[in-house]
Each structure stands twice: as structure tokens, then as C-alpha cells.
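What follows is a short report on a single structure.
Since this is a predicted model, take the numbers as computed values, not measurements. Just the heavy atoms: all of them, side chains too, but no hydrogens, waters or symmetry mates, feed the values below.
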Amino acid sequence: MKSIKHAIATAVAEHTGFPAADIVNLIEYPPNPELGDLALPCFQFAKQLRKNPALIASELADKLAGIDGIGNANAQGGYLNLTLERSTYALSIVDRALQSVHDLFSEERGTGHTVAVDYSAPNIAKPFGVGHLRSTIIGQAIVRLMREDGYRVEGVNHLGDWGTQFGKNIAAYLKWGDEETVRKNPVRELFKLYVRFHEEAREHPELEDEGRYWFKQLEEGHEQANRLWRWFIDESLRAFQETYKTLGVEFDHYLGESFYNDKMDAIVDELRAKGLLVEDDGAEVVDLSAYDMPPCIIKKSDGTSIYATRDLAAADYRHRVLGADTLVYVVGAEQKLHFQQVFKVLELLGRDYAKRCTHVAFGLMKFNGERLSTRRGHVVYLEDVLNKAIEEAKRIIQEKNPNLADQDGVARSVGVGAVIFNDLKTYRIHEVDFRYEDVLNFDGETGPYVQYTHARACSVLRKAGTDAQPLNWPTQVQPDDVEWALILRLAQAGEALARAVDEFDPSVMARYVLHVCHAFNRFYHNNPILQADDPLRAARLALTQATRNVIAKALYLIGLDAPQEM
RNA sequence: GCGUCCGUAGCUUAGUGGAUAGAGCGCUGGCCUCCGGAGCCAGAGGUCGGGGGUUCGAAUCCCUCCGGACGCGCCA
């Protein structure tokens, strides 16, 4: 699609004197396919050229009719509408989808860049709730999308394994904990203790001091404190790995906050040497009032570190050791100010990568309209959600496809896919009110719908037995309207990837693949494939396989499995 | 109070300067002697939160008001 747009823009630039690069962005898809395949509104040119838009459009139509690949050009109410030569174009798109679907999606725009993506980052000794789902799967999708676009990507899990909360964990465990009970169900028991700590702290605020005391002990290397802390981490990590395995999520590095304990002094010293550190109420801060921001606390008044300090050290580590020139943080929108402060401090430190830091914010996840709060023990366990979805998938399989092999495996792919897709399909900044009735509905714009479409295409190809034969679109076949609509969708894969990457927004890809599926299902419904006669049958089989490749790739990019049967 | 974000059909939402505002869920109706009905087709349902402005053209940009969420120094 890009090359044809380019050819059009070049010709229009010649005629109007406007830069071709700007014209490319003006080209759009007409609201109604009867108008044409591509359109260029000519209103912008009117002022400069001192002609009315309708006249410009019709002059351009004459000019463009001769371009290779353009079947028809006509003017309509200030718009220049263009129709492509269907069979030529069908061959080129289907061929690319069959030979190398990667090339259909990617122009390798990220070549030469390394990006560190920070995602998931669950807290040790706390359950993995649905709230953590968003960062985890948005981040995983961004990793795959950027890799597809040619970036070298380092996925980092910035585990919450340090901070005052562990002082609280330790204090609570020493007060009320019992080794035996914790050992049996570590995350759940530790969490119970943590919640109790906050409940009792409401009546006895001195508990907070006790928590801070134990955190200070931890930072100063107190032996028992460190042993307990290590234990909490081992147990939690084991539980998290299970969840990641179910979700199909992977990381290149597990680098928790504690990893930076010995790397913060360098940053603090540098801040001090550059005169950026000032004392304020006993704490050491970077004053950001010149940028209309509250100060960034670097050291608390009791001398212990804080998350901003760790984020600064982590940023340097990702740049220097991991080689990243671009840093991406997939973290909730409520931390927006924090990241603005950290990025500003990096800039003040003279880090050249500071301008290539992005906070990919997303909206809060609520449950039945209520805010989830780990402190108050209000959590929805992700494990429970996934299990329910998998059960529902299994139930539907038994109802609709009882002879399917590997029902458990497929039910897992479909159930998990439903949960992931439900989260990714909406623009990430919106709040999500998690409701089982939505997640467990497998009709309409859902993961199972996309997977079903993929399985259906696979089924046709299996029956045709053509998997080994080279397929392609025979040029003597003219695509009909339904086939053409599908081909045009496939042709937009590259635009979908580029936009998803530029906006760090997987929902772009999720919506794209929904459009592909709808176009394919329409095609499937209207046009017999296997019973067609040969040039047509070959064409439709090729289109089916091209579509299957595109769907499979898109599903992979947003982190869903693509079962061949379901 | 200040700052940021969000407000589009009953619900979830797409579209962020261009043609009659597009989908899905739910609701109503139609389509399996035919490649998988987790599908396809059609219908009802919209003062694009209100008002003002900029523009040939505004859901989209600016101002203002209303509603909601989040944030605003030692939690992350």
C-alpha cells in the first residue's frame, strides 16, 4: 500500500507543488467502497493554487490515470478518488503474504535501535491480581510489535522486591507469622499478613515506624531481615513463573529494584557533584520548581533510598549495560508525574537518551466499578480469572467440537486468548472495568472470534491438501468486491504495525486483525473455495492462505496462540 | 485548590481537521441437503457531556462550564 501511495503523492506533488511527504498523509480510504479504493481531499490545495477544489481534483484525475497500477481516477466534490488495478495488486499482496508475511507487516524501521521495555513488574509477596494483567500483556505485545519492526528489544521485569513494603512484610511476619503456615501457601499467607498489618496500622500508627525500621535494617544488611526477604522472593517468583507460562509471557531480564542497591550511590554522587541535590526537611531532593513540578526525592530523611533513585540507576543500567537508546515504561497512568520527574532529572544529568524515554501509561483496572486495592486485600486473582476463562472455553469445545484432539491445550489457548484480547482491544489509556460477563463472552469482537477465523481458514487449507503446493493469485482472475475488500485489508498490515509501534498501542493491531477476520468471514460465506473451478479455486485458496498467515502473525504480535483447530 | 487524563447508541467503544459518525455486546428478524453457525446478513437505537469561538469544513483545534478518574515530598 505504501508504494502505491508514494507514486500517487509524487505525481500530485509535481502538479501542485506541495511536498510529497505531506501528501502521502492526506491520502485516505473512502467511506464507501463504491467511491474508489483511495481518496485525496483537494481542499488544502485550493487556497495556494487559487482554484476551486473540484477543478483541482479533476485536473489531478487526468494526470494520475496513467500511473502504473491505477485503474481509474475521477473527481467527485473536491475529492480525487482512485481505483486500483485489482488483479495486479492482488498478486503483489497475496504473493508477499505467502512468501514472507513479515515483509507485509514490517519495513524494519527500528533497525539500529535497541529499546528496553519495562513491563509487568509485580510486587513480591503479593498476589498477581488482574491489576497486573495490563502492564504484563501490553508490555509483551509492545515487545513483539517493536521486534517485528526491526528493533532490538530487551524486555525487563522490574520486580518490586525492595522498599518500605518489605519492612512491613518482615514486621508483620515476625509479629504474627508462622513458618509452617507460610510454607504451605506462601503468597497467600504473606499477603494476609500484609493486609493485617495495614488494618492494625490504622489503629496503631506506630506500626508504620516499625515497618520503616525493618526496611532500614534490610538496607543495612541485617541478617535475619535479609534471610526472610530472600525467602519471600524465592517463593513469589515461583508463583509468578506459573502465571507467565500460562500467559505466554517472557522476559529477557529479571532485574528487581534490589538489583540497583549498589548502583544508586553513583547517581547520588553525580547529582551532588553537579549541584542538583538540595536538602529539604532532612531529605535530599532535586528541585524541579523551574519546570512546574514538585521536587524529586532522592534520599528520604532517614537516609534510605526511594523508588525514584532506583529508577534513575535502572535507566543508566539499561542504557550502559543493555545498550538501550530508547527506554519504554509500561506502568499505570497514576505514576505519570513520577516519570515526568525522573525523565527531567535524567535530562538535567545530561543523559542524551532522556528524550527517548516514554512512559506508556494505561488506565486503572476496576472490578465491578470498584478500585482494586492490594493494601485493603481487595484483589481479583489473575489465576482465578484465567481458570474461569479456560473452563468456559472447554465447555464450548465440548458442546461444539467434542471430537477435537488436545481439548485441554486448545481450551487454554482460547480461554487465555479471550482474557488477553479483551484487555488489548481497547485504547490503553481508558479505564477498564473488569466484568466476567464480557470476558467470558466469546462472540463478536473477541480473541476467540479471531482464533476461530484462523482455525476455519486452516480447515479449508487442510481439506484442499495444498499445503505443500506453491499457491498464488492467478493474474487472469479479477477479484470480485468481497475478495477485493479482503485483499485491501491485508494490504494495510504495514500501516497497522507502524501505527501500533509509533503509539505504543497494541489495540491498533487488535482492531486491525478484527477487520481482517470480518472481511475473511464475509468472503468465506459468499464465495465457495473448494468447489470452485480452477483458476478461481487456486485464487481463493491462495487468498485463504494469505489471510491465515496474516491472522497468525497478528495474533502472535499481540500475544495470542493461533490453534489450527478449536 | 492546582495539574493531568477521560466524556461518542442501554453497555463497551472506533474515528483526533474532510464525504451520509463506524463497530461489538444486548434486543428484533433472516441465513446450515453447501468448505467449521465461536459465523454471515438485515433492523431498531446517536443533541459525538453543555455553551461559545477558529475554519471552506469540527466528534476532532481554542476558550468556558458540567460530570468522572488519577496525581500533587519522604509508598511504588
Side-chain angles (χ1 to χ4, degrees), chain A residues 26 28 30-32 35 39 41-44 46-47 52-53 76-79 81 121 123 158 160 162-165 168 208 211-212 215 257 280-285 292-302 304 306-308 310-311 331-338 340-341 361 363-364 366 371 375 393 396-397 399-401 414 418 422 425-427 429-433 435 437-438 441-453 455-464 507 511 514-515 517-518 520-532 540-541 544 565-566:
Chain A
L26 286 175
E28 55 188 47
N32 181 343
L35 293 168
C42 297
F43 309 96
Q44 307 241 348
K47 224 170 230 171
N52 79 62
Q76 236 175 99
Y79 283 86
N81 291 325
N123 292 318
H158 192 67
W162 202 247
T164 312
Q165 50 160 332
K168 296 177 183 176
E208 298 279 353
R212 277 190 282 271
F215 177 56
E257 296 183 69
D280 196 348
D281 271 344
E284 296 194 78
V285 308
D292 291 320
M293 279 188 264
C296 183
I297 297 180
I298 301 296
K299 276 208 158 192
K300 296 187 281 189
S301 43
D302 65 359
T304 58
I306 190 166
Y307 63 115
R310 288 189 280 278
D311 276 343
V331 179
E334 69 276 10
Q335 291 196 43
K336 187 167 186 180
L337 178 59
H338 163 70
Q340 284 175 340
Q341 292 175 303
L364 229 51
K366 303 201 170 187
R371 186 174 179 173
R375 283 189 184 191
I396 296 175
I397 288 168
E399 178 192 315
K400 308 199 175 197
N401 197 1
V414 174
N422 179 257
K425 75 176 174 197
T426 306
Y427 181 49
I429 210 77
H430 282 274
E431 272 181 20
V432 172
D433 189 6
R435 282 186 314 226
E437 53 176 304
D438 293 336
N441 183 352
F442 293 181
D443 297 331
E445 297 175 335
T446 66
Y449 167 74
V450 177
Q451 290 170 320
Y452 175 78
T453 308
R456 212 180 203 190
C458 288
S459 172
V460 173
L461 294 167
R462 204 166 38 241
K463 290 199 167 119
S507 73
R511 261 179 264 115
L514 282 173
H515 281 125
C517 289
H518 186 236
F520 177 78
N521 280 321
R522 200 189 161 95
F523 158 71
Y524 178 92
H525 184 263
N526 287 299
N527 301 20
I529 302 165
L530 297 174
Q531 293 102 314
R540 290 177 177 171
L541 274 173
T544 300
E565 296 178 69
M566 63 186 267

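Taking each heavy atom of Tyr307(A) and Glu257(A) in turn, the nearest pair found is CB-OE1, 4.3 Å. Summarising the geometry of Pro448(A) relative to Phe442(A), their closest heavy-atom pair is CG-CG, 3.5 Å, with the distance given to 0.1 Å. Ile297(A) and Ile306(A) get closest at one heavy-atom pair: O-CG2, 3.2 Å.
Below the 3.5 angstrom threshold, one finds a donor paired with an acceptor across the side chain of Tyr307(A) and the base of A76(B).
Spacing between atom CD of Glu565(A) and atom C1' of C35(B) amounts to 14 Å, rounded to whole angstrom units. Residue Asn441(A) contributes atom CG, which lies 13 Å from atom P of G24(B) at whole-angstrom precision. Separating the NZ atom of Lys463(A) from the C1' atom of C35(B) is a distance of 6 Å, rounded to the nearest angstrom. Separating the CD atom of Gln335(A) from the C1' atom of G73(B) is a distance of 15 Å, rounded to the nearest angstrom. Nucleotide G39(B) holds its P atom 19 Å from the CZ atom of Phe523(A), rounded to whole Å. Atoms CZ (Arg212(A)) and C1' (G73(B)) sit 13 Å apart, rounded to a whole Å. When the C1' atom of G36(B) is taken as reference, atom CD1 of Ile529(A) falls 12 Å away, rounded to whole Å. Counting to the nearest Å, the P atom of U4(B) and the CD atom of Gln340(A) are 9 Å from each other.
Note on Thr164(A): only backbone sugar-phosphate atoms sit closer than 4.0 angstrom, heavy atoms only; bases stay farther off. Using a 4.0 Å heavy-atom criterion, one finds that Ala455(A) contacts the bases of the nucleic acid, with or without backbone contacts as well. Heavy atoms of Asp281(A) sit under 4.0 angstrom from at least one base atom. Within the nucleic acid shown, Val331(A) has no heavy atom closer than 4.0 Å to any nucleic acid atom. Using a 4.0 Å heavy-atom distance criterion, Ile306(A) is classed as a sugar-phosphate-only contact. Heavy atoms of Met566(A) sit under 4.0 angstrom from at least one base atom. Note on Leu364(A): only backbone sugar-phosphate atoms sit closer than 4.0 angstrom, heavy atoms only; bases stay farther off. When heavy atoms are screened at a 4.0 angstrom cut-off, Ile298(A) is found touching no nucleic acid atom at all. At the heavy-atom level, Asn527(A) lies under 4.0 Å from base atoms of the strands shown.
Not counting sequence neighbours, the partners of Glu399(A) by the salt bridge (Lys or Arg N to Asp or Glu O under 4.0 Å) test are Arg395(A). Taking Tyr452(A) as the reference, Arg456(A), Met566(A) meet the side chain to side chain contact (heavy atoms under 4.5 Å, CB included) condition, with sequence neighbours excluded. Residues satisfying the salt bridge (Lys or Arg N to Asp or Glu O under 4.0 Å) criterion with Arg522(A), sequence neighbours excluded, are absent altogether. Legend: residues meeting side chain to side chain contact (heavy atoms under 4.5 Å, CB included) with Asp438(A), ordered by chain and number and at least two apart, are Asn422(A), Arg435(A). The side chain to side chain contact (heavy atoms under 4.5 Å, CB included) test applied to Lys400(A) returns Ile396(A), not counting sequence neighbours. A search for side chain to side chain contact (heavy atoms under 4.5 Å, CB included) contacts involving Asp292(A) returns nothing, not counting sequence neighbours. Partners of Gln76(A) according to the side chain to side chain donor-acceptor pair (under 3.5 Å) rule, which considers only residues two or more places apart in sequence or in another chain, are Asn74(A).
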With Watson-Crick and G-U wobble geometry limited to distances under 3.5 Å, how should the secondary structure of RNA chain B be encoded in dot-bracket form, using | for bases paired to another strand and [ ] for crossing pairs? (((((((..((((....[...)))).(((((.......))))).....(((((..]....))))))))))))....
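With a 4.5 Å cut-off on side-chain heavy atoms, Val331(A) and His158(A) do not count as touching. At least one side-chain heavy atom of Leu541(A) sits under 4.5 Å from a side-chain heavy atom of Val460(A). You'll find the side chain of Thr426(A) stays beyond 4.5 Å of the side chain of Val432(A), heavy atoms only. Inter-residue side-chain proximity for Leu337(A) and Pro294(A) is flagged as met; some heavy-atom pair is nearer than 4.5 Å.
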For nucleotides 6-12 of chain B, which of its nitrogen or oxygen atoms have a protein nitrogen or oxygen under 3.5 Å away, and what is each distance?
residue : atom : partner   : partner atom : Å
C11(B)  : O2'  : Arg435(A) : NH2          : 3.4

N/O to N/O distances under 3.5 Å, protein versus nucleotides 19-21 of chain B:
residue : atom : partner  : partner atom : Å
A19(B)  : N6   : Asn81(A) : OD1          : 3.0
A19(B)  : N1   : Asn81(A) : OD1          : 3.3
A19(B)  : N1   : Asn81(A) : ND2          : 3.3

Pairs under 3.5 Å (N/O, protein and nucleotides 40-44 of chain B):
residue : atom : partner   : partner atom : Å
C40(B)  : OP1  : Tyr449(A) : OH           : 2.9
C40(B)  : O2'  : His525(A) : ND1          : 3.1
C41(B)  : OP1  : Arg522(A) : NH1          : 2.6
C41(B)  : OP2  : His518(A) : NE2          : 3.2

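Nucleotides G24(B) and C41(B) have their P atoms positioned 8 Å apart, rounded to a whole Å. On the P atoms, G68(B) is 28 Å away from G53(B), given to the nearest whole Å. For the C1' atoms, the distance from C2(B) to G10(B) is 36 Å, rounded to whole Å. Nucleotides G49(B) and A58(B) have their P atoms positioned 15 Å apart, rounded to a whole Å. Spacing between C48(B) and G67(B) at atom C1', rounded to whole Å, works out to 16 Å.
Between Trp162(A) and Phe215(A), the distance separating the two ring centers is shorter than 6.0 angstrom.
Position along RNA chain B of the nearest nucleotide to Leu530(A) versus Glu257(A) favours Leu530(A) as the more 5'-ward residue. For the pair Pro448(A) and His158(A), both in contact range of RNA chain B, the more 5′-proximal nearest nucleotide belongs to Pro448(A).
Side-chain proximity of Phe442(A) to A38(B), G26(B), C35(B): nearest is A38(B). Minimum atom distance to the side chain of Pro295(A) is reached by G73(B), of the listed G36(B), C5(B), G73(B). Residue Arg511(A) has its side chain nearest to A14(B) when only A14(B), G36(B), G71(B) are considered.
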Base versus backbone protein contacts along nucleotides 56-63 of chain B [heavy-atom cut-off under 4.0 Å; B, S, -]: S-------
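Base orientation of G73(B): syn, since the glycosidic angle falls within 90° of 0. Base orientation of C65(B): anti (glycosidic angle beyond 90° from 0).
Within a 6.0 Å sphere centred on NE2 of His515(A), other residues, nucleotides and ligands contribute 12 heavy atoms or fewer.
Ring geometry for Tyr524(A) versus Phe520(A): interplanar angle of 30 to 60°, hence tilted.
In this structure, Glu565(A) contributes its side chain and Ser459(A) its backbone to no donor-acceptor pair below 3.5 Å. Judged by distance alone, with hydrogens and angles left aside, the side-chain atoms of Lys425(A) form a donor-acceptor pair with the main-chain N or O of Glu445(A) at under 3.5 Å.
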